[in-house]
Each structure stands twice: as structure tokens, then as C-alpha cells.
Amino acid sequence: MENFKEVNRKNTASVKWDYTKEVFGVNDCLPMWVADMDFPAPRAVTDAIIKRAEHGVYGYTSVPSTVTETIQSWYSTNYQWHFNSNTVTYLSGVVPGLSAIIQSLSEKNDKVLTFSPVYYPFFNMIQLNNRQLVTSPLLFENGRYYLDFEDLEKKLKDSVKLLLLCNPHNPGGTVWSKEELNKIGELCVKYDVIVVSDEIHGDLALFGNIYTPFASISEEFTNQSVICIAPTKTFNIAGLQAAAIITHDDTMKRKIDAFLERQGHFTINTFGMIGMEAAYSKGALWLSHVKKLIEENVETAVSFIKEQVPNVTAFKPEGTYLIWIDCRKLQLNEEQLKDALLNRGKLALDFGKKFGPEAEGFVRMNVACSKETLNEGLKRLKLALTNE
């Protein structure tokens, strides 16, 4: 029997619930920032982990073929994306995957492009690996981000090696259409730029929006891309640290695998592979229920903010469980916005500037929580930004 009630996560070493003092400098804030859910994972995942734990021996393991077959089936059935088992490389997470790909498929000082705003580890992985960060600012219109293809082409033609894509987009919640992805792909083929696509939020397309895996569009795009996937956002199992890289081009895959081998990385942990297989094979019904809860929470939050918080606009995301909130009309700089939310409202959100300079004045709120937590968070948001 599935349980969709929020579980008390305090004192579990939860980054969201136990480390607000370290992250924000305050202890007593309601945390609605980190992108994980407060709902229990699918019961099938828990049962599979318990069964394996009861075996009692946790020696060296290798990823069995059944895990790969389960992932293949998931993407084939849900998204008509077909890939062979020999294209799959396992590792602990998508961000380590981005780092490995950058180091494998580019050289020091090569240009790596990403869009801005975007999930901030994109910037970090490019710069910490001594590559030149190139950004193409997104266009923000009526609550949705759009691609500036004129700017993108201008920058791609200037010796860019890799393009890092967030599909669907975090933090803005845009689910890129097949047409938009096709335009990206055509430009990257034209200028021989490899597309590295983080698709960790793909299963969380909402309100009838359709996620399209970039590599599923054409054989040309398949061979021009490296796709990072994981069940961790979808099924709330980030702590199991299990992800995969899908690489069809043999030369690129050999480079990535050789890099990981040099790091001494050969597999993922026992419970990660167990959880991954159980989630993809038995988690579909759970996911459909959770997406409905998320959609209800999104509607509640957007309506509340529209009615109760003047000069602040929340946008209904096309995907993810993250609401992007525009506070620019308040005319507060980021430090003032932080002070209002953290000290007056006692609410911890993700602040926009770290997602890129274009995002200053925005905040990101995670609504994958109980209705009680959501309502409390909205009440605190109103208190922080209206003094009511």
C-alpha cells in the first residue's frame, strides 16, 4: 500500500531539513528549497532494498543486465526512445556525469556553452574543470523561458565544443518542445557541437506537457549527443546515488568510460542498483499519483500568490515540482529578499542569482510536499513579502 503522506525527515541527515543553519545561517526556517520530495519512495523500492539488506552480505556487486533492461523498457514504452545496452554507463549521479563528460570530451580552455538561468552546477562543472563558460541568455515571456536562437547560433559558431542542456529546464520548469530541441540539434550538427543533455526531470512533465528525449529525435542527434538520466528525481531516491549516461557514438563512449576507469569508478552501489530497477519496473502507478499531487500543489501555490501576495508572480511550470517566482516588482536586491524571507518569513527558498545573473529577483520553491507544509510555506511567503 502506497503512502503519500509527508514523513518527518528531521534527524535523518537530510540536506533540506537538517542543514538550514549551515546553508542559510538560520535554524528555524521552513525548508522548501532542495529539489527532493517529502513523500516516501514507491513501496516497491523500499521492499526491494529491505529484501536485499536482509541477505546480510554486502560484498562487491556489478550492475545486472536486468537493471539495464528495465531502463530500456521504461524509455521505450513511455517515450519511444530506444537504445542498446552497450550505450549505457552507470555512475553515482548526473552532476558527476556532467563533470566526467566535460573532462572526457573537451580539453582545458575549450568553450562549453549553457543557457542562463540554469541549474547552477552546470556553471560549476564547466568552470571547476577549467573550461571557458559561454552562456546564451534565455528569453522570459509570459512565465515561460524560450531559446534565443539568433544568440545561440552566434555563440556556437565561435568554436564551442559542448552544449549543456537541461531538458526539462531547471529552475524555470519549461519542457522544451520537440521543435525547440530540433532547432538546437540542427545548429549543433551544423557547427559540430556535442549536446550534453541532463534529462533527470523528464518523467515530471506536468499538465499534459510532453517530454522528448533529445536523442530520440533523429539518428543524427543520437550520434551528436550524450544523455544523462536518473530515477532519483522521479521516484525520490536521490540518496541512493544511481544514474546513467547514454552514449551512442562509440568513440565518445570509450573516452567517457576510460575517464571513469582512471578515476577508479566501475559501478554503482548495491542499493542504488536495487532501487533503480524496482523504481523503473514497479513505480509507474506511484508516479502517476505523485504527479497529480504536485499539479494540485502547483495550482494552489500559483493561485494563492496571485491573490495574496501583491507584486509577486508565480508561474505554473510545464514540468518539475519547482515553482519559479518573480519578485522583481518588489524592487528588492537579493540580500534584501533573503532577509525578508529568512528573517521575517522564516522560509528557506532557493534564490535566483545563483542560477545566473538573469535570475536575480526570482526565487524557487519546491512544492513536492504535504498540503500542510505547502500552506504553511505560502503563509510565511506572504508574511515575508507583505508584512501581513
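Worth saying up front: this structure is predicted, and the values here are computed from it rather than measured.
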Check for me whether Lys5 meets the cation-pi criterion with Phe39, that is, NZ or CZ under 6.0 Å from the six-membered ring centre and within 45 degrees of the ring axis.
no
Report yes or no: does [X] contribute a side-chain atom to a donor-acceptor pair with the main-chain N or O of [Y] at less than 3.5 Å?
{"X": "Gln132", "Y": "Asn109", "value": "yes"}
{"X": "Asn297", "Y": "Val367", "value": "yes"}
{"X": "Glu318", "Y": "Val175", "value": "yes"}
{"X": "Asn333", "Y": "Gln336", "value": "yes"}
{"X": "Gln224", "Y": "Val193", "value": "yes"}
{"X": "Ser288", "Y": "Leu285", "value": "yes"}
{"X": "Asp18", "Y": "Asn11", "value": "yes"}

Is it true that [X] and [Y] make a salt bridge, defined as a side-chain N closer than 4.0 Å to a carboxylate O?
{"X": "Asp158", "Y": "Lys154", "answer": "no"}
{"X": "Glu180", "Y": "Lys183", "answer": "no"}
{"X": "Lys16", "Y": "Glu22", "answer": "no"}
{"X": "Lys161", "Y": "Glu107", "answer": "no"}
{"X": "Lys291", "Y": "Glu295", "answer": "no"}
{"X": "Asp47", "Y": "Lys51", "answer": "no"}
{"X": "Asp339", "Y": "Arg344", "answer": "no"}

More than 12 non-hydrogen atoms from neighbouring residues, nucleotides or ligands closer than 6.0 Å to NZ on Lys282, yes or no?
no
Using a cut-off of 6.0 Å, state whether more than 12 heavy atoms not belonging to Gln263 lie near its atom CD.
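Yes.
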With sequence neighbours left out, what residues match Trp81 under ring pair (Phe, Tyr, Trp, His ring centres under 6.0 Å)?
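Testing Trp81 for ring pair (Phe, Tyr, Trp, His ring centres under 6.0 Å), a comparison that skips the adjacent residues, returns Tyr75, Phe83.
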Report, one line per pair, each donor and acceptor closer than 3.5 Å where one atom sits in a side chain of residues 91-105; sequence neighbours left out.
unit_1 : atom_1 : unit_2 : atom_2 : d
Ser99  : OG     : Gln103 : NE2    : 2.9
Ser99  : OG     : Asn129 : ND2    : 3.2
Gln103 : NE2    : Ser99  : O      : 3.4
Gln103 : NE2    : Asn129 : OD1    : 3.2
Ser104 : OG     : Ala100 : O      : 2.5

Which pairs count as ring-ring contact (aromatic ring centres under 6.0 Å, His included) when at least one residue sits in residues 171-193, sequence neighbours excluded?
His169-Trp176
[Y] ring center within less than 6.0 Å of [X] ring center:
{"X": "Tyr145", "Y": "Phe115", "value": "no"}
{"X": "Phe214", "Y": "Phe221", "value": "yes"}
{"X": "Phe140", "Y": "Phe362", "value": "yes"}

Can you tell me which residue among Lys253, Arg254, Lys255 is in a salt bridge (charged side-chain N to carboxylate O under 4.0 Å, His left out) with Asp257?
Lys253
Check the pair Trp17, Asn8 against side chain to side chain donor-acceptor pair (under 3.5 Å), reporting the backbone distance first and the verdict last.
CA-CA 9 Å; Trp17 287 94; Asn8 183 355; over 6 Å; no
